[in-house]
2 protein chains.
Amino acid sequence: MVKLSPIVACGTCPIRHNAVCAKCDAEELVILEQAKSYKTLPAGSRLAEAGETLSYFSTIIEGCATISRTLEDGRRQTVGLLLPSDFIGRPGRATSPFDVEALTEVKLCRFERTTFEQLVTDTPHIATRLLTMTLDELDAARDWAVVLGRMTAREKVAAFLVSLARRQAGARGTATAGGRAVVHLPLSREAMSDHLGLTIETTSRQMTALRKDGLIETPTKREIHIPDFDALAFEAAEDDDGGPIV
Amino acid sequence: MVKLSPIVACGTCPIRHNAVCAKCDAEELVILEQAKSYKTLPAGSRLAEAGETLSYFSTIIEGCATISRTLEDGRRQTVGLLLPSDFIGRPGRATSPFDVEALTEVKLCRFERTTFEQLVTDTPHIATRLLTMTLDELDAARDWAVVLGRMTAREKVAAFLVSLARRQAGARGTATAGGRAVVHLPLSREAMSDHLGLTIETTSRQMTALRKDGLIETPTKREIHIPDFDALAFEAAEDDDGGPIV
DNA sequence: CGATCCGTTGAATTACGTCAATAGACGTGG
DNA sequence: CCACGTCTATTGACGTAATTCAACGGATCG
């Protein structure tokens, strides 16, 4: 089920100013235009497999994917959630240490790996932007370690909804703090649980508890309404003003 | 108790080939030589505080430090363990989102923040190396997320000892796989527990259990002997051949 | 209309946390 | 030198949050 998407120019690309190309000038963009190609993959596709060679590095234009590892006995932990403008691949290494799987249909902007590695070397604006993005991801990974290591199930679920709401609002350019917010869940309960380090049963129970406490509303299983964003953030044991700086 | 350490030339620096300067040529090193300064700080010092401005970016030459966050109610999670050659600071941002604390006396090679940010811009070899190091740290943070999210207390302790043994062996240039290994613990049980997302009691019990099972020997509380490294790695639920590629 | 998938809920189990007591290491001072 | 306080680590008894096992309900699909 792999289909070719209509060609999109970088100038009209929805993630132009957030992706790895964000800092590129018009001249550099011309080079990227020539090297890029688009690909749409269906939900459930493997975009990368731990240890396997990656032919392409990609940026997600649309859709959602997880970075995860599965232990031999089947335990799985999701270690990153990829949304539009996020980058898949690591210059200087041909393989990924984790699995990357599409949760929804995903539209990618791809570069052949070796081509991209050359671009990083030749184009300082790409290297700089990639460093910034990697540092942001590192901060996010460490923020998440606090959730995994020290939070209760209820706090984990609240923290996840809060974090997803912030990212989705950020992508739309809307605010979160204060009033209502809406989150669309691209993850199943199982995928959520793998991200939270919980079982699906515990995740489900905590969702129910948050709903009964009036902290969330669930018109459908994949749509979450947050009547009072700050109240939910409080449940997530947020220590400071407003969550990760990312 | 801050004392000045004897001046060390980059050429004889013990971490010359692993730190952020690793890829620099002789010419670039001259610039670094002029900009750097050394500082030794005692165990317990705060090298950075969450949200506070950093005047200096530093590389650890000797000693050990933790990156951590403490929640309002006192729960603490360590999200990174810094050993010699590790870098503290983030170009493009004046503050750290986490606390950084010295576990032992620490010897630092420091650059004024703004100076270093200029160096990153002007010196591609530093930018490249910093990107590689950040990507490695990101992989390590994600590896640790698997431990925090999905492993049992016993596996967590085993995974920590295995990972520390690998890093210490790597720094010495010795091998781990196969036979005996020795680990020096720069962390108290409390610091270990904060890293593992456990209580000190549980950590202590698991150490005792591993000892009773013959997987480790503890001549002193801070010195751990591993008679069969692979056996301990097996306890850490290692899925593949030999742990993180980092 | 049965089969399958996904999510929810209940009951029983357990791994880890909490509370508490104790012991060893270390330093200080009489 | 020993008495004392402090700090860290260990161990035991008990409590609990989350997992496990199991049943069930509502979609979706052939």
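Only heavy atoms go into these numbers, but all of them, side chains included; no hydrogens, no water, no symmetry mates. Throughout, a chain's letter reflects where its sequence line sits, starting with A, and its residues are numbered from 1.
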In this structure, how many angstroms lie between the [atom2] atom of [N] and the [atom1] atom of [X], rounded?
X: B:E201; N: D:dA9; atom1: CD; atom2: C1'; answer: 10 Å
X: A:K156; N: D:dA18; atom1: NZ; atom2: P; answer: 8 Å
X: B:Q206; N: D:dT10; atom1: CD; atom2: C1'; answer: 13 Å

Partners meeting salt bridge (charged side-chain N to carboxylate O under 4.0 Å, His left out) with A:E49 (sequence neighbours left out): A:R46

Could you give the distance from [atom1] ([X]) to [atom2] ([Y]), rounded to the nearest 0.5 Å?
X: A:R76; Y: A:L71; atom1: CZ; atom2: CG; value: 11.0 Å
X: A:S96; Y: B:D139; atom1: OG; atom2: CG; value: 8.0 Å
X: B:L83; Y: B:N18; atom1: CG; atom2: CG; value: 11.5 Å
X: A:R154; Y: A:E235; atom1: CZ; atom2: CD; value: 4.0 Å

Under 4.0 Å from any heavy atom of chain A: name the first and the last nucleotide of DNA chain C that qualifies, 5' to 3'. C:dG7 to C:dA11

Examine [N]: is either OP1 or OP2 under 4.0 Å from a nitrogen or oxygen in the side chain of [X]? Give yes or no.
X: B:T208; N: D:dT10; result: no
X: A:T202; N: D:dA18; result: no
X: A:R205; N: D:dA18; result: no

Is it true that A:R166 and A:E238 have a side-chain N and a carboxylate O under 4.0 angstrom from each other?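 Yes, A:R166 and A:E238 are salt-bridged.
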
Parallel, tilted or perpendicular: which one describes the rings of B:W144 and B:F160, with boundaries at 30° and 60°?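 Rings of B:W144 and B:F160: perpendicular, as their planes differ by over 60°.
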
Step by step, work out the side-chain contact (heavy atoms from CB on, under 4.5 Å) result for A:L198 and A:R205. CA-CA 11 Å; A:L198 298 172; A:R205 275 185 254 270; over 6 Å; no

Taking side chain as C-beta onward, heavy atoms only, is [X] less than 4.5 Å from [Y]?
X: B:L187; Y: B:T78; result: no
X: A:R69; Y: B:D143; result: yes
X: A:L148; Y: A:Q77; result: yes

Under the side-chain contact (heavy atoms from CB on, under 4.5 Å) test, residues paired with B:H225 that sit two or more places apart: B:R180, B:V182, B:E217, B:P219, B:E223

Readout for nucleotides 25-30 of chain D: B = base within 4.0 Å of protein heavy atom, S = sugar-phosphate only, - = neither; 5' to 3' it is ------

Which of residues 146-154 of chain B sit near DNA chain C, with a heavy atom under 4.0 Å from it? B:T152, B:A153

Got a sec? Which of residues 210-225 of chain B come in under 4.0 Å of DNA chain C, heavy atoms? none

Test side-chain contact (heavy atoms from CB on, under 4.5 Å) on A:Q206 and A:T152; report intermediate values, then the result. CA-CA 10 Å; A:Q206 297 304 330; A:T152 63; over 6 Å; no

Determine the contact category for A:L198: base if any of its heavy atoms lies under 4.0 Å from a base atom, sugar-phosphate if only primed atoms, P, OP1 or OP2 are that close, otherwise nothing. sugar-phosphate

What is the nucleic acid contact for B:T199, judged by heavy atoms within less than 4.0 Å: base, sugar-phosphate only, or nothing?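 Base, at least one base heavy atom under 4.0 Å.
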
